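Order of listing sets the numbers, starting from 1, for every ligand and every atom in it. Please read these numbers as outputs of a predicted model, since none were measured by experiment.
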Amino acid sequence: MKDVYTLEDLRQWQAATAGESHPIRLSVFGDPVAHSRSPQMHNPALESCGIPARYCRLHIRPEELAEALRLLPQANFIGTNLTIPHKAAALAMMDEVDEHARKIGVVNTVVVEGGRLLGFNTDGPGLSRAVRSEFGVDLRDLRVMVLGAGGGAGRAIATQCAIENCEKLILVNRTFEKARQLAHELEIFFKGARLLGPAPRLEAVPWEEAALAPRLTTTDLVINATSCGMKRTDPAVLPASILQPHLMVYDTIYTAHRTPLVAAAEEAGARAANGLSMLLFQGALSFERWFNQDAPLEVMRAGLLAL
Ligand code: NAP
């Protein structure tokens with residue numbers, strides 16, 4: 001199997017994958033995509049469940065997305081995952097979108113069924129399970145700050161926090177308008193009776209140290225859903241000087257064990273985890289969508305941890 005396939009390969013999938021021991025019928029679309037560890041967890045899972053199919057990376061550029069999705073039924077795909085930057089654009093390209101994904105406005109899992117494309121989102125529920133497994137807490141009990149609330153993952157995570165009725169939600173995004181828009185969309189979830197004194201339960205906040213620092217004092221969980229930190233040369237999205245020891249810091253990035261933000265959090269004495277557990281749980285939920293059976297979680301975890 002090639003490390004990365006392209007749209008050109010997908011156009012003549014049988015020829016491009018001739019000679020494979022099992023047909024490749026699942027994938028992740030992304031741009032970039034070479035960093036994706038999804039094949040590493042899904043292929044052992046397929047093998048251990050005796051499913052005669054394999055999972056690959058497809059490098060699909062934004063302008064190629066519509067064609068690539070339309071090619072999936074004729075290439076006999078079971079489905080695909082979507083990563084940067086396709087999750088929001090794909091929504092309008094589905095034949096059907098489940099209610100949760102529609103609420104979030106982002107699709108990360110596609111099921112091909114009877115020639116139709118069905119869209120789902122497993123990022124939010126995956127993050128929720130990851131937070132529980134890393135820190136032993138539930139979103140509903142937390143005051144959460146989401147960095148990158150304007151991106152696909154950030155929207156999914158913020159909406160999940162809202163759906164689980166977290167104590168407080170602070171939305172931060174480099175392009176502030178996107179955070180403000182999302183706060184407006186999520187207002188409906190925060191109309192309930194929980195009161196935290198005069199402080200609002202839902203806020204969009206500009207990405208400025210003077211605005212973030214005082215709010216971090218009354219935050220339990222900081223989630224980085226930006227793509228800043230994926231490259232080794234990236235700075236931490238928040239410096240150690242602004243982070244505090246009482247915080248739990250979850251970085252959705254998993255390209256390094258110790259991402260720049262995890263390193264900054266540890267320097268500040270906070271508990272921190274990278275995004276590998278979210279990758280595991282969202283992947284397991286995708287697997288369950290494709291095969292309607294439990295995912296072999298420990299096999300997938302071992303696959304992810306193998307180099
Ligand atoms: P996306 O839709 O392209 O969104 C990117 C987000 O990052 C936007 O909010 C963008 O802000 C922000 N951003 C980019 N560069 C920045 C910088 N230098 N400083 C501050 N903000 C910056 O991408 P996505 O699909 O949501 O993915 C975002 C991250 O989530 C990636 O790191 C990805 O690896 C991670 N993720 C992890 C998992 C997992 O399972 N662990 C699953 C999904 C996603 P603007 O709006 O201002 O452009």
Side-chain angles (χ1 to χ4, degrees), residues 28-42 57 60-62 65 81-91 101 104-109 120-131 133-134 145-160 171-183 204-209 212 222-239 249-257 259-262 264 272-287 300-301 303-304:
V28 52
F29 288 9
D31 179 24
V33 75
H35 68 279
S36 172
R37 291 208 207 169
S38 290
Q40 220 173 295
M41 76 175 148
H42 281 297
R57 299 181 190 89
I60 302 295
R61 298 186 175 84
L65 180 62
N81 284 130
L82 299 164
T83 187
I84 294 177
H86 299 312
K87 294 181 186 183
L91 189 88
I104 296 170
V106 187
V107 166
N108 81 327
T109 302
F120 300 89
N121 191 295
T122 65
D123 279 338
L127 178 277
S128 176
R129 291 188 194 191
V131 166
S133 87
E134 297 285 0
M145 178 184 284
V146 179
L147 307 169
R155 282 186 65 89
I157 288 167
T159 308
Q160 187 70 28
L171 305 178
V172 187
N173 200 62
R174 180 178 60 180
T175 312
F176 177 58
E177 191 43 42
K178 292 191 203 167
R180 194 159 54 188
Q181 171 60 32
L182 183 60
V205 173
W207 198 310
E208 290 161 10
E209 201 160 319
L212 299 182
V222 176
I223 301 172
N224 176 32
T226 77
S227 44
C228 182
M230 286 180 78
K231 289 189 236 119
R232 225 181 314 170
T233 49
D234 282 345
V237 270
L238 293 180
V249 177
Y250 192 87
D251 192 348
T252 65
I253 292 174
Y254 58 82
T255 43
H257 171 64
T259 65
L261 181 63
V262 168
N274 78 0
L276 216 59
S277 48
M278 176 178 168
L279 182 68
L280 171 68
F281 287 110
Q282 63 79 32
L285 291 165
S286 295
F287 187 97
M300 295 172 88
R301 193 193 303 272
L304 278 180

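Taking only nitrogen or oxygen atoms, main chain and side chain alike, Met230 does not reach within less than 3.5 Å of ligand 1. Of the polar atoms of Cys228, none of the N or O atoms is found under 3.5 Å from an N or O of ligand 1, judged by distance alone. Residue Tyr254 places no N or O, backbone or side chain, under 3.5 Å from any N or O of ligand 1. Looking at ligand 1, you won't find any N or O of Ile253 less than 3.5 Å from one of its N or O atoms. Not one N or O of Gly154 is nearer than 3.5 Å to an N or O of ligand 1, by distance alone. By the 3.5 Å distance cut-off applied to N or O atoms, Thr226 is counted among the residues near ligand 1. The distance criterion of under 3.5 Å between nitrogen or oxygen atoms is met by Thr175 with respect to ligand 1.
Nearest protein heavy-atom neighbour of atom 4 (O) of ligand 1: Gly151 CA, 3.3 Å. At the shortest separation from atom 43 (C) of ligand 1 among protein heavy atoms lies Lys87 NZ, 3.0 Å. Atom 25 (O) of ligand 1 has its closest protein heavy atom at Ile84 CG1, 3.3 Å. Protein heavy atom at the shortest distance from atom 1 (P) of ligand 1 is Gly152 N, 4.0 Å. At the shortest separation from atom 28 (C) of ligand 1 among protein heavy atoms lies Ala225 O, 3.2 Å. With respect to atom 5 (C) of ligand 1, the closest heavy atom belonging to the protein is Ser227 OG, 3.9 Å.
A donor-acceptor pair under 3.5 Å is absent between the side-chain atoms of Asp234 and the main chain of Cys228, judged by distance alone. Side chain of Arg155 to backbone of Val106: no donor-acceptor contact under 3.5 angstrom is found. Checking side-chain atoms of Arg37 against main-chain N and O of Leu279 turns up no donor-acceptor pair under 3.5 Å. No donor-acceptor pair closer than 3.5 Å links the side chain of Asn274 to the backbone N or O of Thr259. When atom types are taken as modelled, the side chain of His86 and the backbone of Ile60 share a donor-acceptor pair closer than 3.5 angstrom. Not a single donor-acceptor pair under 3.5 Å links the side chain of Tyr250 to the backbone N or O of Leu127. Judged by distance alone, with hydrogens and angles left aside, the side-chain atoms of Gln282 form no donor-acceptor pair with the main-chain N or O of Thr122 at under 3.5 Å. For the pair Thr226 (side chain) and Leu147 (backbone), a donor-acceptor distance under 3.5 Å is absent. In terms of modelled atom types and a separation under 3.5 Å, the side chain of Thr252 and the main chain of Gly275 share no donor-acceptor contact.
For the ligand labelled ligand 1, residue Thr83 lies outside the 4.0 Å heavy-atom shell. Using a 4.0 angstrom heavy-atom cutoff, Val237 does not count as in contact with ligand 1. Proximity of Pro85 to ligand 1 is not established, as no heavy-atom distance is less than 4.0 Å.
Among Lys231, Met278, Arg174, His86, the residue whose heavy atom lies nearest to atom 19 (N) of ligand 1 is Arg174. Selection from Asn81, Thr252, Leu279 by nearest heavy atom to atom 37 (C) of ligand 1 gives Thr252.
When all heavy atoms of Ala264 and Pro239 are compared, the closest pair comes out as CB-C, 4.3 Å. For Ala101 against Phe120, the heavy-atom pair with the smallest separation is CB-C, 3.8 Å. The minimum heavy-atom distance linking Ala156 with Ile104 is given by the pair CA-CG2, 3.3 Å.
In Gln282, the part holding a heavy atom less than 4.0 Å from any atom of ligand 1 is the side chain. Contacts with ligand 1 closer than 4.0 Å are made by side-chain heavy atoms of Asn173 only, the backbone lying farther away. Heavy atoms of Arg155 found under 4.0 angstrom from ligand 1: none, in either backbone or side chain. Using a 4.0 Å cut-off between heavy atoms, Asp123 contacts ligand 1 through its side chain alone, with no backbone atom that close. Under 4.0 Å from ligand 1, not a single heavy atom of Ala149 appears.
Interface atoms of ligand 1 facing Gly148, defined by a heavy-atom separation under 4.0 Å, are 9 (O). Each of the atoms 45 (P), 46 (O), 48 (O) of ligand 1 lies under 4.0 Å from some heavy atom of Lys178. Interface of Ala153 with ligand 1, defined as ligand atoms under 4.0 Å from a residue heavy atom, comprises 24 (P), 26 (O), 30 (O), 43 (C), 44 (C).
When Leu238, Leu261, Asn224 are each tested for a side chain to side chain contact (heavy atoms under 4.5 Å, CB included) with Val249, only one passes: Leu261.
Between the side chains of Ser286 and Asn81, at least one donor N or O sits under 3.5 Å from an acceptor N or O.
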Could you go through the side-chain hydrogen bond (donor to acceptor under 3.5 Å, both in side chains) check for Glu134 and Ser277 one step at a time? CA-CA 8 Å; Glu134 297 285 0; Ser277 48; 2.7 Å; yes
